[in-house]
Amino acid sequence: MIRFGLCCIFHDHPVKFRHINAANAAKLPEAERLCKLSSICLDNSFELEKALLTVESLEIGAFRILSQILPLYTHPQAGYKLEALPDAPEIVNNFAKIREFHEEHDIRLSFHPDQFIILASPDEQVFENSLRELEYQCMVADLTGAENVNIHMGGTYGSKADTIKRFEARFSELPESVRRHLTLENDDISYTVEDLYPLCSKLDIPLVYDVHHHRCNPDSLSIPQATELCGGLWRKLGREPYFHISSPKASWQAKNPRPHADYIDIKDFPECWLCMNFTLDVEAKAKESAIIQLREDLQQKFGIKA
DNA sequence: GCATGTCAAGTTGTG
DNA sequence: CACAACTTGACATGC
């Protein structure tokens with residue numbers, strides 16, 4: 001069985017998360033700012049409940065929670081503590097309800113902190129900012145019962161080997177909550193499955209396999225080989241493998257195939273995945289609509305009931 | 001109202 | 001050397 005995952009937002013269904021930018025938040029006096037942030041966070045916690053209900057009704061088995069569910073939480077100026085929000089008890093209560101709901105309905109939750117989160121950066125400040133953001137997302141992961149907080153290795157700084165060594169040293173110093181949630185993913189510029197596998201294997205970090213990134217940034221591994229290595233790491237840890245898929249916006253021949261298309265082209269779906277049990281985040285701009293489409297295409301082309 | 005420009009953060013590659 | 005690409009809609013602003 002393939003468990004499909006939706007990333008952060010919806011295309012057609014009425015689930016809308018709210019935002020605020022730092023400049024606008026900073027304009028407000030402290031008390032007013034916290035009230036405003038609190039109301040956004042509370043609304044977002046209700047929207048997250050709605051998101052899970054919607055996902056459940058569409059028979060989608062996984063959902064990626066947006067990083068900015070509590071907007072600006074770790075911002076150097078506009079940042080705040082959850083306890084400082086007037087609605088904190090209700091927010092925490094909503095997160096607990098979300099936890100109960102997804103556990104009952106077997107919906108897998110994850111986070112994907114964005115490109116600024118780089119544990120292996122040689123710049124101590126970048127590392128500290130990254131750690132602060134990871135601690136925040138892992139806190140929300142604990143409150144909602146989310147499983148994975150998935151990041152990339154980041155830059156190479158002239159040597160992938162040295163950078164991976166730095167990652168290893170930093171990883172061992174991380175708070176337990178961060179280590180428990182953290183997963184790594186191959187990227188489309190620098191780090192391949194081949195680069196990351198030895199590290200992940202050694203430290204028991206699950207490796208999320210993104211086949212689109214693998215095609216943009218290939219290594220010596222074939223798709224079936226990368227599938228087997230990454231899948232094996234997850235299964236060794238008693239967890240269901242977690243993969244990503246997307247199709248290029250223009251085409252594979254275009255000068256930049258990296259941007260994501262609205263839908264998944266069925267030709268991009270690896271055949272070696274057909275008989276596997278795993279979770280597949282569908283990174284397509286048409287969101288839930290792309291999942292529905294992919295499910296239909298798999299049924300039609302391969303007779304797979306996904 | 002509606003169109004437009006902006007958004008915290010890092011790194012790489014291109015012009 | 002500066003800047004776009006990663007991704008992306010919601011919001012504030014200005015007409």
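At C/dC11, none of the side-chain N or O atoms of A/Lys27 fall inside 4.0 Å of OP1 or OP2 (strictly under the cut-off). Not one side-chain nitrogen or oxygen of A/Lys285 sits closer than 4.0 Å to the OP1 or OP2 atom of C/dG9.
Salt-bridge check for A/Asp43 with A/Arg18: passed, with a basic side-chain N closer than 4.0 Å to an acidic carboxylate O. Between A/Arg180 and A/Asp142 there is a salt bridge, since a side-chain N of the basic residue sits under 4.0 Å from a carboxylate O of the acidic one.
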Between N or O atoms, less than 3.5 Å apart, protein on one side and nucleotides 8-12 of chain B on the other: list the pairs.
{"residue": "B/dA8", "atom": "OP1", "partner": "A/Ala22", "partner atom": "N", "Å": "2.3"}
{"residue": "B/dA8", "atom": "O4'", "partner": "A/His75", "partner atom": "NE2", "Å": "3.2"}
{"residue": "B/dA8", "atom": "N6", "partner": "A/Gln68", "partner atom": "NE2", "Å": "3.4"}
{"residue": "B/dA8", "atom": "N1", "partner": "A/Thr74", "partner atom": "OG1", "Å": "3.1"}
{"residue": "B/dA8", "atom": "N1", "partner": "A/His75", "partner atom": "N", "Å": "3.4"}
{"residue": "B/dA9", "atom": "N6", "partner": "A/Gln68", "partner atom": "NE2", "Å": "3.0"}
{"residue": "B/dT11", "atom": "OP1", "partner": "A/Ser121", "partner atom": "OG", "Å": "3.1"}
{"residue": "B/dT11", "atom": "OP1", "partner": "A/Tyr157", "partner atom": "OH", "Å": "2.5"}
{"residue": "B/dT12", "atom": "OP1", "partner": "A/Thr156", "partner atom": "N", "Å": "2.6"}
{"residue": "B/dT12", "atom": "OP1", "partner": "A/Thr156", "partner atom": "OG1", "Å": "3.2"}
{"residue": "B/dT12", "atom": "OP1", "partner": "A/Tyr157", "partner atom": "N", "Å": "3.4"}

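In this structure, the ring pair (Phe, Tyr, Trp, His ring centres under 6.0 Å) partners of A/Phe269, at least two apart in sequence or on a different chain, are A/Trp273. Annotation: side-chain contact (heavy atoms from CB on, under 4.5 Å) contacts of A/Glu168 (sequence neighbours excluded): A/Leu199, A/Lys202, A/Leu203. Residues passing the ring pair (Phe, Tyr, Trp, His ring centres under 6.0 Å) test with A/His214, sequence neighbours excluded: A/Tyr209.
What separates CG of A/Asp43 from C1' of C/dC11 is a distance of 14 Å, to the nearest Å. Distance A/Glu47 CD to C/dG9 C1': 14 Å, rounded to the nearest Å. Whole-Å rounding puts the A/Leu37 CG to C/dC11 C1' distance at 14 Å.
Here the CE-CZ distance, from A/Met276 to A/Phe243, works out to 4.0 Å after rounding to the nearest 0.5 Å.
Take the nearest nucleotide of DNA chain C for A/Ala284 and for A/Lys36: the residue whose nucleotide is more 5' is A/Ala284.
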- Task: Give DNA chain C the dot-bracket treatment, 5' to 3': Watson-Crick (N1-N3 with N6-O4 or O6-N4) or G-U (N1-O2, O6-N3) under 3.5 Å, [ ] crossing, | other strand.
- Result: ||||||..|||||||
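Comparing the same atom, C1', in C/dA10 and in B/dG10 gives a spacing of 24 Å after rounding to whole Å. Using atom C1' as the reference point in both B/dA3 and C/dC6, the two lie 26 Å apart (nearest Å). Taking the C1' atom of each, B/dT4 and C/dT8 are spaced 16 Å apart, rounded to whole Å. C/dC3 and B/dC7 have their P atoms separated by 14 Å, given to the nearest Å. For C/dA5 and B/dT6, the P atoms lie 15 Å apart once the distance is rounded to whole Å.
Residues from residues 11-19 of chain A with heavy atoms under 4.0 angstrom of DNA chain C, sorted by number: A/Lys16, A/Phe17, A/Arg18, A/His19.
Contact annotation: the side chain of A/Leu42 never approaches that of A/Leu85 to less than 4.5 Å [non-hydrogen atoms, C-beta and beyond]. Counting heavy atoms from C-beta outward, A/Phe167 and A/Met153 have side chains that approach closer than 4.5 Å.
Taking the centre and axis of the six-membered ring of A/Phe127, the NZ or CZ atom of A/Arg170 falls inside the cone set by 45° and 6.0 Å.
A/Ser110 and A/Glu147 share no side-chain donor-acceptor pair at under 3.5 Å.
Under the side-chain contact (heavy atoms from CB on, under 4.5 Å) rule, A/Ile245 has a single partner from A/Leu280, A/Asp210, A/Asp281, which is A/Leu280.
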